[in-house]
**Q** 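Handing you this structure, nothing more for now.
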Amino acid sequence: MDRLEQLTPGNASQNEGVSEFEEAGIQDRVMEMNPDWSMDPSGDLRQIFEEDVMNFKKGIVYFPVRHHSPACSYHVKNVIESYKPEIILIEGPESATPLIDILADQATEPPVSLYCTYEQDGERSAYYYPLLSYSPEYAALKLGTERQIPIRFIDLDFRHQNRTEEERQVEASLQDETLLAGSEFMKRLCDTFHCRSFHELWEKLFEIPGTASTTTVFARNVFTYCTLSRLCYTDHELALSGDVEREVHMRMQIAGASRDYKRVLVITGGFHTYALLQRHIEGNAETLSHLSLPKKSTAAPHQPFTLQKENVMTEKTVVSDPAVTDHQVYPMVYTFAEADRLNGYASGMPYVNYYQMVWNEMQKHSTHPFHRAGLSFLAQLTRHLRNRNEAVSTSDAIEAYRMIQGLADLRGKREGGVFELLDASLSSFVKGEHTLASDEPLEQLARMLTGDKIGSVAPNRLSIPIVEDFKKHSMVFKLNLKVTAKHQKTLDLYAKPQHRRLSQWFHCVSFLVPNFAVRQSGPDWVAFKDMSLVRETWSYSYSSRIEARWIECSIYGGTVQEAAVRKIEQAAAEIPEHHSEKMVELLLQACLMGLEDMVHRLFDGVKAALLLDGSFLSLCRTLNVLNRMQQHTRLLGLSPDIRLPELIHEAFDQAVRQMLQLGHTHPDEHALITQSLKLLFMLSTASGERYDRETFRLHLDELLADNGLPAQLEGSCTAISVGLGNRSKEEIVLRAKGYMRGTPEKMRKTASYLHGVFAVARDALLYDDTLLMELNHLIAELPYEDFISMVPELRLAFTYFSPMEADLVAERVAKMLETDVEELDRPPVDEQLLQSARSMDQALREEFAKWSLT
Amino acid sequence: MLDMIKPPAETMYEEELRALREEDTGRRPPNWLLSPAAVRDFIIGREKPVKLDGREIPITRKFYGNDVLVERAVVTLAGNRGLMLVGEPGTAKTMLSELLSAAICGTSLNTIQGTAGTTEDMMKYSWNYAMLLDKGPTEAALVPSPLYKGMKEGIITRFEEITRCPAESQDSLISIMSDKVLNIPELSGGILFAKPGFNIIATANIRDKGVNEMSGALKRRFNFETIRPVNNVKMEAKIIESQARTLLDHSGVDAEVNSDVVELLATTFMELRTGITREGYKLESPQATLSTAEAVSVYVQSAMTSYYYENEHIALSRLVQNMLGTIAKENDKDLTILKSYFSKVVKERAKQDEVWQAYYEEKQWIG
């Protein structure tokens with residue numbers, strides 16, 4: 001019997017190729033599960049299958065698949081070889097049809113993906129269409145291209161609008177199989193077959209026996225299984241999920257192809273096959289009415305899915321969605337980590353790397369692909385654990401291997417699959433109680449089963465320049481984009497020019513695509529921390545999500561640098577024109593990215609913003625950043641530019657000009673203002689610089705003349721004036737006395753005043769006894785409650801002193817009080833004495849009470 | 001009624017086992033009475049009843065929780081390594097070990113009951129000294145241990161509470177488990193080879209007080225299965241109900257099991273054990289072990305007290321009194337935890353639910 005005959009249902013003998021699916025009596029069980037069905041639906045499905053689905057005598061053959069299933073791929077290849085279709089139609093975004101030659105190119109290595117983006121109702125949406133080497137769609141693309149058979153994608157390019165907000169936020173897969181896996185039918189089947197999940201059930205019924213059954217039997221089982229799952233949903237639910245709309249579109253595409261070609265092969269998810277059948281294309285859906293549920297159920301608010309005419313959206317109702325605009329599709333790399341549905345993407349099978357190995361074995365025509373894959377993983381796991389110094393032995397691996405076989409026997413599987421591998425590893429490798437601490441073998445196995453491979457796309461006309469540029473630079477900098485693991489780079493910033501360039505490039509990349517590289521240590525210019533470090537450490541990790549972000553960045557330019565420049569320009573344009581502080585931050589970032597041209601352009605922007613900025617604090621912050629840049633020009637790798645000092649002068653002048661508004665500021669800002677005044681003071685006294693010191697002095701005088709000036713600012717301004725030689729040192733003490741001996745309200749502000757003074761001039765207390773004496777007097781005179789309320793601010797004020805300086809002050813106080821420092825440290829009453837007095841007091845009270853003397 | 005307080009599993013489920021044996025056509029490991037699949041079905045039950053002498057015998061579920069664990073345990077026993085069941089007290093380790101043993105070799109009574117005083121002699125063999133003096137070292141004078149019996153007959157030996165035995169006694173198992181041979185130097189040619197079908201199911205409590213650490217060598221000879229407490233109120237209620245019914249029947253107490261009270265009890269135990277209420281509020285957990293077995297014991301105690309003193313099926317006042325003794329066992333803090341559970345959670349639910357209202361009214365017993 002040749003292959004074609006084997007596959008054609010009409011020629012197949014009655015008992016040929018009975019799979020475990022049938023042996024397990026699935027059809028009987030379906031009936032047991034839902035006795036409400038008016039007749040045996042699986043029997044009808046068999047008939048439909050033989051007449052309409054896999055009837056090689058007809059012009060259209062449907063092959064139902066599950067995405068990313070090695071067994072489906074195996075049989076898809078068989079069907080193509082036997083049926084020799086004139087065209088292959090595949091469930092995939094239709095506008096990606098021109099990209100098929102890129103996907104099927106020799107140089108393309110899965111996992112790859114199509115990245116579809118479009119705008120809908122003003123919102124940007126994106127989907128992935130991942131392809132692994134064992135995806136049936138990919139197997140069909142490869143073989144079809146090899147045989148020079150035309151191939152088309154026939155699905156809609158976009159997804160239904162009725163998605164929840166949550167779904168919109170997650171970039172979903174175009175191969176969502178939530179409905180297939182979540183049906184009541186599946187849940188009941190799992191219980192009946194002792195399977196813990198849909199995946200185990202699928203593996204047990206389809207993957208493991210897959211290569212041993214004939215293609216016809218395999219396809220029939222997939223069709224029956226998926227269609228019964230579909231029958232659990234109502235029309236309303238299917239319409240809500242957007243499936244009905246897509247199926248109408250696919251039916252139109254199939255109808256179109258069947259007019260032009262004599263043998264059409266349609267490869268779609270098994271869940272859709274039933275709705276795409278030719279009988280529905282031709283409109284004679286009535287013949288299927290017997291598949292509807294009995295009246296009792298149809299009276300339910302949601303109509304169950306039936307393909308009766310009135311329930312089916314007709315072709316006429318479908319118009320391309322006018323709200324969908326700016327639609328684009330790109331081929332891009334994908335990763336095993338993202339393809340694994342365990343990582344949160346609702347498509348295909350989990351344990352991607354495991355099935356990849358199974359597929360590789362199938363390609364080698366191995367008779368026991370699962371067996372060999374399991375063995376290989378056990379060997380790898382044992383080796384890995386041993387390298388990590390875990391207590392494992394070959395005997396553990398042997399026991400695990402025996403358990404895989406034992407469990408497979410017990411569970412009625414031909415070979416042990418991934419779930420047996422997991423169970424066997426749990427029993428054999430985890431010693432003692434299974435807790436987080438002893439879970440390492442299983443965690444490692446899970447990582448290995450997922451794998452870390454990243455695919456590659458053949459060079460093509462659609463290559464996106466920025467993605468290419470990114471990859472080219474990654475190669476130059478020797479970054480590893482082949483696997484998804486986290487990698488680290490330590491850069492010797494100031495010693496090696498190549499490292500400096502990589503750091504700048506990392507800054508550019510992080511600015512555009514935040515999740516690729518993260519700076520873990522090194523000098524932080526923005527927060528001005530760890531400036532003494534000379535090395536910078538970055539960690540980076542590549543994935544298709546990163547590539548998708550690059551594709552989105554392509555609107556900014558063709559290279560990473562261009563895009564960074566363009567994005568900075570855009571960011572600069574969005575900053576309100578008087579926010580000099582924001583502008584200077586951008587300038588600093590541009591410096592770190594090494595975009596010197598941009599830096600020079602931003603100088604103008606900062607200058608313009610400085611002129612318009614009316615906020616003293618913002619101006620001082622700008623001044624601070626500019627000053628740092630000036631001080632560290634070489635570290636930043638900036639070429640000397642006359643305009644930077646000019647800008648600093650401008651910022652200084654502007655800040656001084658705004659000083660007069662400080663009399664009426666919020667107390668929360670006083671600490672910052674004090675620091676800013678200190679900065680101005682510092683700059684104005686810097687040698688070799690010619691800042692406008694005179695205006696600064698004048699404005700300080702003006703502020704000090706104001707009686708309403710907050711105490712803290714008064715303290716700082718006085719100290720600065722003294723420092724500039726504008727006033728005598730005594731003025732600090734005089735003004736302090738004013739507070740200390742003033743009205744109670746003023747007296748309470750003494751600490752605040754001192755805080756301002758100490759922030760600028762600690763020496764006022766360190767080397768001058770008058771202020772110390774006055775302070776001592778104040779504390780002695782102060783009522784207890786006032787003292788307690790003043791303590792926090794006094795303590796804060798004294799934090800400006802180093803421990804040594806504080807000791808010095810203490811010594812002077814001790815001398816003043818004619819005692820020693822130890823005496824000052826001692827508590828006024830000894831704790832033990834206090835306790836004994838208290839207990840004595842208590843005893844006396846009790847004694848008095850006994851004698852009724854209270 | 002059987003003339004024993006707690007009949008062994010093979011007696012209790014005698015019919016089910018017989019029916020399965022007759023029906024089972026699956027491949028069996030040497031000396032096993034059932035195939036691994038039938039052993040699994042016996043333990044976790046199955047929908048389809050088995051025919052025996054023209055009658056339909058339902059195969060009931062006896063172990064609730066992790067079905068995959070049962071499959072792993074069965075496959076482990078068919079191999080070279082022993083099975084070690086570990087977990088918190090009261091998680092039905094012993095029950096599972098009995099069921100496995102009864103299904104595989106028809107007896108769950110070949111058991112070493114481990115204590116701090118278990119010696120190597122007790123594990124291997126000892127001598128009938130009168131006979132030893134009379135006849136010298138002969139096989140007749142040898143007193144076989146359950147381990148000896150298991151090896152000789154090719155059946156399962158159960159080892160209860162293995163971690164309570166001193167480490168040196170535990171270690172005497174090591175070479176027996178690897179070589180499957182027991183040397184008896186006192187007898188000429190005294191070597192006992194284990195017959196196929198022999199294996200060990202040990203149960204161990206790892207966190208309890210007074211347990212010994214197992215050596216790495218011994219650990220390597222076992223496959224470990226960790227049994228966790230049931231984490232589903234409905235399932236726990238089902239277990240309490242079925243076990244309480246059996247125990248009350250055996251005690252001759254003709255009291256109906258009240259499923260409302262059972263659910264109340266299961267909810268209280270689960271919430272206190274997990275430290276989270278069904279509404280998602282956080283609770284303090286008492287130190288005392290709140291296992292399902294403890295809950296069963298609280299129910300049975302309460303039902304018996306109510307039956308004899310109040311002539312009722314179960315009084316909530318008795319339930320609260322007995323619960324007090326179980327939960328506030330370790331220290332006074334646990335009592336405070338129970339009190340605050342009543343004054344917060346129970347009080348809140350009492351507003352909407354009559355059963356909880358009645359429960360709350362018994363708060364007086366907690367003080």
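Naming: A, B, ... by sequence-line order, numbering from 1 per chain. Computation of the quantities below employed the complete heavy-atom set of this structure, encompassing side-chain atoms and omitting hydrogens, waters and symmetry-equivalent molecules.
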**Q** With a 4.5 angstrom heavy-atom cut-off, which part of B:E225 approaches chain A: side chain, backbone, both or neither?
**A** side chain
**Q** Atom NZ of residue position B:K238 - does it have more than 12 heavy atoms of other residues, nucleotides or ligands inside 6.0 Å?
**A** no
**Q** So which part of B:V75 gets closer than 4.5 Å to some heavy atom of chain A, the side chain, the backbone, both or neither?
**A** both
**Q** Please lay out, stage by stage, how B:R46 and B:E23 fare under the test salt bridge (charged side-chain N to carboxylate O under 4.0 Å, His left out).
**A** CA-CA 14 Å; B:R46 70 179 205 195; B:E23 188 216 53; 2.8 Å; yes
**Q** Checking B:I44 against chain A: side chain, backbone, both or neither under 4.5 Å from a heavy atom?
**A** side chain
**Q** At a heavy-atom distance under 4.5 Å, which candidate from A:Q405, A:E399, A:M403 has the highest pair count against chain B?
**A** A:E399
**Q** Could you have a look at B:K219, B:R27, B:M84, B:E71 and say which one has the most heavy-atom pairs with chain A under 4.5 angstrom?
**A** B:E71
**Q** If you count heavy-atom pairs under 4.5 Å with chain A, which of B:G79, B:P36, B:S35 comes out on top?
**A** B:G79
**Q** Between B:E294 and B:R273, does any NZ, NE, NH1 or NH2 come within less than 4.0 Å of an OD or OE carboxylate oxygen?
**A** no
**Q** If we ignore hydrogens and angles and just use 3.5 Å, is the side chain of B:N31 paired with the main-chain N or O of B:P196 as donor and acceptor?
**A** yes
**Q** Quick one: closest heavy-atom pair of A:R402 and B:A78, and the distance?
**A** NH1-C, 3.9 Å
**Q** Any chance the rings of A:H434 and A:F429 have centres within less than 6.0 Å?
**A** no
**Q** By a 4.5 Å heavy-atom criterion (distance strictly below it), what part of B:R40 contacts chain A: side chain, backbone, both, or neither?
**A** side chain
**Q** Chain A: which of B:V74, B:V86, B:V68, B:D67 shares the most heavy-atom pairs with it under 4.5 Å?
**A** B:V68
**Q** So what's closer than 4.5 Å to chain B heavy atoms on A:D191: side chain, backbone, both or neither?
**A** neither
**Q** Apply the test side-chain contact (heavy atoms from CB on, under 4.5 Å) to residues A:F370 and A:Y354: give CA-CA distance (whole Å), side-chain angles for both, the deciding distance (0.1 Å), then the verdict.
**A** CA-CA 9 Å; A:F370 286 85; A:Y354 177 82; 3.5 Å; yes
**Q** Given that the side chain runs from C-beta out, which part of B:N66 has a heavy atom under 4.5 Å from chain A: side chain, backbone, both or neither?
**A** neither
